[in-house]
A.B. asks: 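This is the structure I have questions about; it appears just below.
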Amino acid sequence: MQEDSPVQNENTPDTSPTAQPQRAGRRNRLIVLGAAALVALGLGGVAVATSGTDHPAPAAVSLDAQTRAEAASRADRSIRESSTPVTPSLSPTPSPSAVSASPTKTAAAKAKPKPKKTAKPTPAWVDPMPGAAVTSCYGQRWGTLHAGIDLALPSGTPIRAAAAGTVTQAGDASDGYGNSVFIDHGNGYLTHYAHQSRIAVTVGQAVKAGQVIGYEGATGDATGPHLHFEVHQGMWNQIDPAPFMRARGVDLGC
């Protein structure tokens with residue numbers, strides 16, 4: 001009597017000799033597909049987990065070594081490229097001349113400073129009463145020598161020193177001169193200012209050219225307010241004031 005062959009259940013694993021190579025081939029294909037997926041995700045290595053097999057997968061090992069080498073090569077190249085020093089671009093530094101040529105400074109440089117007003121120097125000799133009218137010149141008058149020049153302006157007009165010097169007399173000079181001032185100029189010449197209403201200097205005082213020494217009046221023998229101006233070459237040696245003053249740049253009108 002023939003024995004019945006056992007019935008194969010679909011849940012019973014197939015242990016026939018032909019079924020084992022088929023299962024090994026499917027596992028190898030799964031391993032290759034898993035390794036490729038891991039390499040695509042950028043992982044350096046693939047760990048293939050297999051269970052229940054003692055057979056190596058030559059194709060999977062070969063592919064895994066190649067992908068590892070390629071990944072290592074890319075990583076080494078990226079490290080070298082990132083370590084290459086990058087030279088920063090330097091912005092040009094403006095030169096001092098460019099900085100100094102700014103519009104504001106250029107405009108300030110072009111603006112010329114206004115010249116300072118300076119007082120004109122006083123001449124060595126000046127008119128003792130500028131703008132006065134000449135009423136009498138040096139020379140003979142009424143049978144006697146009129147030893148000076150008479151200059152007339154309203155009473156109280158300031159009288160000025162004709163040149164720098166030292167006051168030697170200040171007061172009534174008698175002989176009809178009334179209130180007078182004598183100034184010694186230190187060069188052998190003196191000037192005399194007569195008929196003053198008020199004297200503004202004292203004996204021994206140093207005065208400058210143009211300094212006020214008194215005020216016009218009619219003291220002494222005078223018919224009206226005026227300044228009687230004389231030049232002495234040595235005391236009481238009167239000379240004509242007109243040419244003397246003209247030689248020093250002052251025209252008294254005679």
Side-chain angles (χ1 to χ4, degrees), residues 115-254:
K116 294 181 179 180
K117 294 182 179 180
T118 55
K120 294 181 179 180
T122 303
W125 290 80
V126 299
D127 190 332
M129 201 160 67
V134 177
T135 58
S136 184
C137 292
Y138 178 91
Q140 292 294 322
R141 188 180 66 176
W142 305 323
T144 58
L145 177 64
H146 182 249
I149 297 176
D150 290 344
L151 305 170
L153 277 174
S155 182
T157 299
I159 299 169
R160 303 177 184 278
T166 303
V167 176
T168 58
Q169 290 188 33
D172 191 351
S174 68
D175 293 337
Y177 285 109
N179 293 330
S180 298
V181 171
F182 289 82
I183 299 175
D184 186 351
H185 301 289
N187 56 359
Y189 292 92
L190 296 89
T191 50
H192 176 197
Y193 310 80
H195 304 309
Q196 296 186 36
S197 60
R198 182 164 59 92
I199 296 173
V201 291
T202 58
V203 174
Q205 180 177 341
V207 295
K208 299 178 180 179
Q211 181 176 335
V212 175
I213 60 172
Y215 299 89
E216 181 189 3
T219 59
D221 295 337
T223 57
H226 70 281
L227 166 64
H228 178 81
F229 177 68
E230 296 181 348
V231 175
H232 295 203
Q233 190 173 4
M235 192 62 177
W236 296 113
N237 182 28
Q238 295 98 322
I239 62 174
D240 189 352
F244 177 87
M245 294 295 289
R246 193 178 301 115
R248 289 157 178 78
V250 181
D251 186 1
L252 295 180
C254 290

A.B. asks: For Val181 and Ile199, run side-chain contact (heavy atoms from CB on, under 4.5 Å): C-alpha distance rounded to whole Å, both residues' side-chain angles, the deciding distance at 0.1 Å, then the answer.
C.D. replies: CA-CA 8 Å; Val181 171; Ile199 296 173; 3.7 Å; yes

A.B. asks: Between Leu151 and Leu252, what is the shortest heavy-atom contact and its length?
C.D. replies: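 Looking at all heavy atoms of both residues, the shortest contact is CD2-O, 4.3 Å.
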
A.B. asks: Taking the side chain as everything from C-beta on, heavy atoms only, tell me whether Val167 gets closer than 4.5 Å to Val207.
C.D. replies: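 Val167 reaches Val207 side chain to side chain.
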
A.B. asks: Pair Asn237, His232 - check side chain to side chain donor-acceptor pair (under 3.5 Å), show working.
C.D. replies: CA-CA 5 Å; Asn237 182 28; His232 295 203; over 6 Å; no

A.B. asks: Can a cation-pi geometry be assigned to Arg246 and Phe244, taking NZ or CZ under 6.0 Å from the six-membered ring centre and within 45° of the ring axis?
C.D. replies: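 Arg246 over Phe244 ring: no.
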
A.B. asks: How long is the straight-line distance from CD of Gln169 back to OG1 of Thr202, given to the nearest 0.5 Å?
C.D. replies: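 Reported to 0.5 Å precision, the distance equals 13.5 Å.
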
A.B. asks: Please round to the nearest 0.5 Å and tell me the distance separating atom CG of Asn187 and atom CD of Gln233.
C.D. replies: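 The distance works out to 9.5 Å.
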
A.B. asks: State whether Phe229 and Arg160 meet the cation-pi test: NZ (Lys) or CZ (Arg) under 6.0 Å from the six-membered ring centroid, and within 45° of the perpendicular axis.
C.D. replies: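 Cation-pi check for Arg160 and Phe229: fails.
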
A.B. asks: Do His226 side-chain atoms and Gly224 backbone N/O form a donor-acceptor pair below 3.5 Å?
C.D. replies: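 A pair under 3.5 Å: yes.
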
A.B. asks: Output the distance between atom CG (Asp251) and atom CE (Met245), rounded to the nearest 0.5 Å.
C.D. replies: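 One finds 10.0 Å between CG of Asp251 and CE of Met245.
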
A.B. asks: Distance from Leu190 atom CG to Asp184 atom CG, nearest 0.5 Å?
C.D. replies: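 Between Leu190 CG and Asp184 CG, I get 4.5 Å after rounding to 0.5 Å.
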
A.B. asks: Are any of the side-chain heavy atoms of Ile183 and Thr168 separated by less than 4.5 Å?
C.D. replies: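 No - every pair of side-chain heavy atoms lies 4.5 Å or more apart.
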
A.B. asks: How far apart are the closest heavy atoms of Leu145 and Gln140, and which atoms are they?
C.D. replies: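 Of all heavy-atom pairs spanning Leu145 and Gln140, the closest is N-OE1, 3.7 Å.
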
A.B. asks: Which atom names give the shortest non-hydrogen contact between Pro241 and Gly148, and what distance separates them?
C.D. replies: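 Result for this residue pair: CG-CA, 4.3 Å.
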
A.B. asks: Indicate yes or no for a side-chain donor-acceptor contact from Thr219 to the backbone of Asn179 under 3.5 Å, with no hydrogens or angles considered.
C.D. replies: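 Side chain of Thr219 to backbone of Asn179: a pair is present.
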
A.B. asks: Less than 4.5 Å apart, any side-chain heavy atom of Gln211 and any of Gln205?
C.D. replies: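 A side-chain contact under 4.5 Å exists here.
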
A.B. asks: Does Tyr189 form a side-chain contact (heavy atoms from CB on, under 4.5 Å) with Val231? I'd like the steps, not just the answer.
C.D. replies: CA-CA 7 Å; Tyr189 292 92; Val231 175; 4.2 Å; yes

A.B. asks: May I ask you to decide if the ring planes of Trp236 and Phe182 are parallel, tilted or perpendicular, using 30° and 60° as cut-offs?
C.D. replies: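 Perpendicular, since the angle between the ring planes exceeds 60°.
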
A.B. asks: Roughly how far, to the nearest 0.5 Å, is the OH atom of Tyr193 from the CG atom of Leu227?
C.D. replies: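 Rounded to the nearest 0.5 Å, the CG-OH separation comes to 8.5 Å.
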
A.B. asks: Which pair of heavy atoms, one from Val126 and one from Ala209, lies closest together, and at what distance?
C.D. replies: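 For Val126 and Ala209, the tightest heavy-atom pair comes out as CG2-C, 4.4 Å.
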
A.B. asks: How close do Met129 and Asp127 get, counting heavy atoms only, and between which atoms?
C.D. replies: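 Heavy atoms only, the tightest pair is N-OD1, 3.0 Å.
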
A.B. asks: Between Glu216 (side chain only) and Leu153 (backbone N and O only), is there a donor and an acceptor less than 3.5 Å apart?
C.D. replies: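 Flag set: sc Glu216 to bb Leu153 pair under 3.5 Å.
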
A.B. asks: Take Val134 and Asp150 through the test side-chain contact (heavy atoms from CB on, under 4.5 Å) and record every step on the way to the result.
C.D. replies: CA-CA 6 Å; Val134 177; Asp150 290 344; over 6 Å; no

A.B. asks: Can a donor-acceptor pair be found, under 3.5 Å and without considering hydrogens, that links the side chain of Asp240 to the backbone of Ala242?
C.D. replies: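 The answer is yes, because a donor-acceptor pair under 3.5 Å joins these two groups.
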
A.B. asks: Looking only at atom types and distance, does a side-chain atom of Ser180 sit under 3.5 Å from a main-chain N or O of Gly178, one as donor and one as acceptor?
C.D. replies: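 Yes; at least one donor-acceptor contact below 3.5 Å.
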
A.B. asks: Tell me, with the steps shown, if Glu230 and Tyr177 meet side chain to side chain donor-acceptor pair (under 3.5 Å).
C.D. replies: CA-CA 11 Å; Glu230 296 181 348; Tyr177 285 109; 3.0 Å; yes

A.B. asks: Ignoring hydrogens, what is the shortest heavy-atom contact between Ala152 and Thr135? Give both atom names and the distance.
C.D. replies: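 Where Ala152 meets Thr135 most closely, the heavy atoms are CB-CG2, 3.7 Å.
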
A.B. asks: Run the numbers on His228 and Gln196 for side-chain contact (heavy atoms from CB on, under 4.5 Å), then give the verdict.
C.D. replies: CA-CA 9 Å; His228 178 81; Gln196 296 186 36; over 6 Å; no

A.B. asks: Among residues at least two apart in sequence or on other chains, which ones pass side chain to side chain donor-acceptor pair (under 3.5 Å) with Ser136?
C.D. replies: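 Partners of Ser136 by the side chain to side chain donor-acceptor pair (under 3.5 Å) criterion, ordered by chain and then number, come out as Arg141, His146.
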
